[in-house]
J.: 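After the structure tokens below, expect a handful of questions from me.
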Amino acid sequence: MDEPRIKVYGSATEITIGANAAGLRDLAERLNGLAESELRDGYHEHLEGGINLEDGSISLILERDDKL
């Protein structure tokens, strides 16, 4: 299986998240985890360029917000 590769980039008016199949699965797992019933409002994950995102990516925060 390929290594997850995710890149986040954009402009003032739009954000693009590009990923290979393994990267899309990784994002899906993270989002499913945020939806788990034992987690509360405000729980979040930071994804950073060069760490869990490709170099050159802008940072991405996935956040659970039960007020939405």
Side-chain angles (χ1 to χ4, degrees):
M1 182 188 222
D2 290 334
E3 180 179 331
R5 296 179 63 111
I6 305 165
K7 185 161 187 168
V8 180
Y9 54 95
S11 66
T13 58
E14 76 180 5
I15 300 296
T16 300
I17 300 172
N20 65 3
L24 291 172
R25 286 185 198 93
D26 181 69
L27 283 173
E29 289 172 13
R30 290 172 186 272
L31 292 170
N32 278 327
L34 286 171
E36 292 296 325
S37 59
E38 64 270 4
L39 295 182
R40 298 187 349 227
D41 182 48
Y43 188 85
H44 62 278
E45 288 192 48
H46 291 259
L47 287 80
E48 305 287 336
I51 300 173
N52 23 35
L53 300 175
E54 293 296 299
D55 287 338
S57 291
I58 59 174
S59 297
L60 177 66
I61 299 172
L62 304 173
E63 179 181 39
R64 179 171 178 156
D65 186 344
D66 292 332
K67 296 176 206 83
L68 294 175

J.: According to a hydrophobic-cluster definition based on side-chain heavy atoms being under 4.5 Å apart (Ile, Leu, Val, Met, Phe, Trp, Tyr only), do L62 and L39 belong together?
T.: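 Linked, L62 and L39 end up in one cluster.
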J.: Between atom OH of Y9 and atom CD of E54, what is the distance when rounded to the nearest 0.5 Å?
T.: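 One finds 12.0 Å between OH of Y9 and CD of E54.
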J.: Main chain of V8, side chain of S57: is a donor-acceptor contact present, judged purely on distance under 3.5 Å?
T.: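 Checking the backbone N and O of V8 against the side chain of S57, a donor-acceptor pair under 3.5 Å is found.
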J.: How far apart are the closest heavy atoms of G50 and D55, and which atoms are they?
T.: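 Scanning both residues, the minimum pair turns out to be CA-OD1, 3.0 Å.
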J.: With the threshold set at 4.0 Å, does a side-chain nitrogen-carboxylate oxygen contact exist between R64 and D41?
T.: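 D41 and R64: not salt-bridged.
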J.: According to a hydrophobic-cluster definition based on side-chain heavy atoms being under 4.5 Å apart (Ile, Leu, Val, Met, Phe, Trp, Tyr only), do L31 and L53 belong together?
T.: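 The answer is yes; both residues are in one hydrophobic cluster.
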J.: Applying the 4.5 Å side-chain criterion to the ILVMFWY set and letting contacts propagate, would I58 and L60 be lumped into a single cluster?
T.: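 Same hydrophobic cluster.
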J.: Could you grab the distance from atom NE2 of H46 to atom CD of E63, nearest 0.5 Å is fine?
T.: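 So the NE2 of H46 and the CD of E63 are separated by 8.5 Å.
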J.: Side chain of D65, backbone of G42: donor and acceptor closer than 3.5 Å?
T.: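 Side chain of D65 to backbone of G42: no pair is present.
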J.: Atom CD1 of I17 and atom NZ of K7: how far apart are they, to the nearest 0.5 Å?
T.: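 Result: 13.5 Å between the selected atoms.
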J.: State the CG-CD distance between L27 and E45, to the nearest 0.5 angstrom.
T.: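 L27 atom CG to E45 atom CD measures 9.5 Å (nearest 0.5 Å).
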J.: Where do P4 and D26 come nearest, in terms of heavy atoms and distance?
T.: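 It is CB-CB, 4.2 Å.
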J.: Let's go through Y43 and L34 carefully: what are the C-alpha distance in whole Å and the side-chain angles of both, what is the deciding distance for side chain to side chain contact (heavy atoms under 4.5 Å, CB included) to 0.1 Å, and is it a yes or a no?
T.: CA-CA 7 Å; Y43 188 85; L34 286 171; 3.3 Å; yes
J.: Begin with the C-alpha distance, continue with both residues' side-chain angles, and end with the deciding distance and a verdict on side chain to side chain contact (heavy atoms under 4.5 Å, CB included) for L47 and I61.
T.: CA-CA 6 Å; L47 287 80; I61 299 172; over 6 Å; no
J.: Using modelled atom types only, decide if a donor and an acceptor are shared between the side chain of N52 and the backbone of E48 within a distance under 3.5 Å.
T.: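 Yes, N52 side chain to E48 backbone: donor-acceptor pair under 3.5 Å.
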